[in-house]
There are 2 protein chains.
Amino acid sequence: MESQDLRSAGLKVTGPRLKMLELLENTQGRHLTAEAIYRQLLDAGEEIGLATVYRVLTQFEAAGLVTRHHFEGGHAVFELERGPHHDHIVCVHCGRVEEFYDESIEKRQRAIAEKLGFNLRDHTLTLYGECNKPGCKGEKNAR
Amino acid sequence: MESQDLRSAGLKVTGPRLKMLELLENTQGRHLTAEAIYRQLLDAGEEIGLATVYRVLTQFEAAGLVTRHHFEGGHAVFELERGPHHDHIVCVHCGRVEEFYDESIEKRQRAIAEKLGFNLRDHTLTLYGECNKPGCKGEKNAR
DNA sequence: TTGCGCATGATAATCATTCTCATATATGAT
DNA sequence: ATCATATATGAGAATGATTATCATGCGCAA
Ligand SMILES: [Zn+2]
Ligand SMILES: [Zn+2]
Ligand SMILES: [Zn+2]
Ligand SMILES: [Zn+2]
């Protein structure tokens, strides 16, 4: 039950929070923008304010429930924190996001931070490229 | 001469552009925010508008003269594109930025992109941590 | 030197995100 | 179940970085 996730995160169980958790769990193509979450909830007939979406996302982030990413393009995307850490590769044409995890890269990062005298706390690794999915705007026949 | 850099980039040689190139070349702690560039030029007695700073930075970026980074904190930082590619590690307390290059990480990225069916175009790798420099706000005795 | 098109600066406009504040509600105690 | 109180919510204003507008200025090829 999502209620428990909220309680154990120290958050009151409220309608908006439950709806947002549900949506984050049931959404394909994780990595949603705040605006997208807002619109989808409105379309689903829910009553919610955009300010609440931002507020709750920030709370979820602080509680470790979601992660905020800053892919290029100015707007942040959020994803439910499920399972282990991973990094991302984003299609510069269609915006499709794939995830990956590479232990050797993670290991090198720790070594680099130590060598430079930093206590590593976090990192961002995002690859950008052109994907090969049919329908991607960047296909060679396009334009 | 910076004039040549501008011409070979297909840009007219103008005062603001020359001043900005100079500043980018002569600035310690590369990785300047647009606002910082603007202020430093004003302080140096130059007459320039903030809009021009943003415009020129965008042109420099398009011409490959500078790189734009989005470290966390909302504002972009720019650095002169000199020499080979590198990635960054940023102190979460004092904002100090160090650069590094790791061939094995670069190599793994290419392999990952290929495996996932992406034509790799670019990437962002930024480590965040606490630095060990004296005077850093995050020193253990602080607070 | 001239003319034209790009460049510039001041300012308004955007865009995403955050803040304000009056109202509504969850939750622990009664 | 009822209350009391701290917290949550929604609408809209406010913010901060960046971009667009537009009248004027200037680089540069002819
Ligand atoms: Zn694609
Ligand atoms: Zn992800
Ligand atoms: Zn750098
Ligand atoms: Zn530091």
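A note on names: the letters A, B, ... follow the listed sequences, proteins ahead of strands, and every chain is numbered from 1.
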For Val77(A) and Gly15(A), find the nucleotide of DNA chain C closest to each by heavy atoms; which residue's nucleotide sits nearer the 5' end?
Val77(A)

Around atom CD of Glu47(A), are there more than 12 heavy atoms of other residues, nucleotides or ligands at under 6.0 Å?
no

So what does Glu47(A) touch, heavy atoms closer than 4.0 Å: a base, only the sugar-phosphate, or nothing?
sugar-phosphate

Check nucleotides 2-6 of chain C for protein N or O atoms closer than 3.5 Å to its own N or O atoms and list the pairs.
from	atom 1	to	atom 2	distance (Å)
dC6(C)	O4'	Lys12(B)	NZ	3.4

Starting from C1' on dT8(C), measure out to CD on Glu46(B) and report it in whole angstrom.
14 Å

From CE of Met20(A) over to P of dG10(D), roughly how many Å is that when rounded to an integer?
10 Å

May I ask you to decide if the ring planes of His86(B) and His88(B) are parallel, tilted or perpendicular, using 30° and 60° as cut-offs?
perpendicular

Value in whole Å for how far the P atom of dA17(D) lies from OH of Tyr38(B):
13 Å

Please determine whether a side-chain nitrogen of the Lys or Arg among Arg96(B) and Glu98(B) lies less than 4.0 Å from a carboxylate oxygen of the Asp or Glu.
yes

Specify the residue among Val13(B) and Pro16(A) whose closest nucleotide of DNA chain D lies further upstream toward the 5′ end.
Pro16(A)

Side chain Arg55(B) and base dG9(C) donor-acceptor under 3.5 Å
yes

The residue among Val56(B), Thr67(B), Val66(B) that forms side chain to side chain contact (heavy atoms under 4.5 Å, CB included) with Glu61(B) is Val66(B)

Indicate whether any N or O donor in one side chain lies under 3.5 Å from an N or O acceptor in the other, for Tyr38(A) and Gln40(A).
no

Can we say Arg39(A) and Glu35(A) salt-bridge, meaning some charged N sits less than 4.0 Å from an Asp/Glu carboxylate O?
yes

Can you tell me the distance, in whole Å, between the OH atom of Tyr54(A) and the P atom of dA14(D)?
19 Å

How many whole angstroms separate atom CG of Leu57(B) from atom P of dT18(D)?
10 Å

For DNA chain C, whose closest nucleotide is more 5', that of Val56(B) or that of Arg7(A)?
Val56(B)

Whole angstrom is fine here: how far is it from NE2 in His75(A) over to P in dC15(C)?
13 Å

To the nearest Å, give me how far apart CD (Glu61(B)) and P (dT18(D)) are.
12 Å

Touch check for Thr14(A), heavy atoms < 4.0 angstrom, all strands: base, sugar-phosphate only, or nothing?
sugar-phosphate

Without decimals, in angstroms, what is the distance between Arg68(B) CZ and dA17(D) P?
14 Å

Side-chain donor/acceptor of Arg17(B) to backbone N/O of Leu6(B), under 3.5 Å:
no

Out of dT18(C), dG9(C), dT18(D), whichever nucleotide has its closest atom nearest the side chain of Thr58(A):
dT18(C)

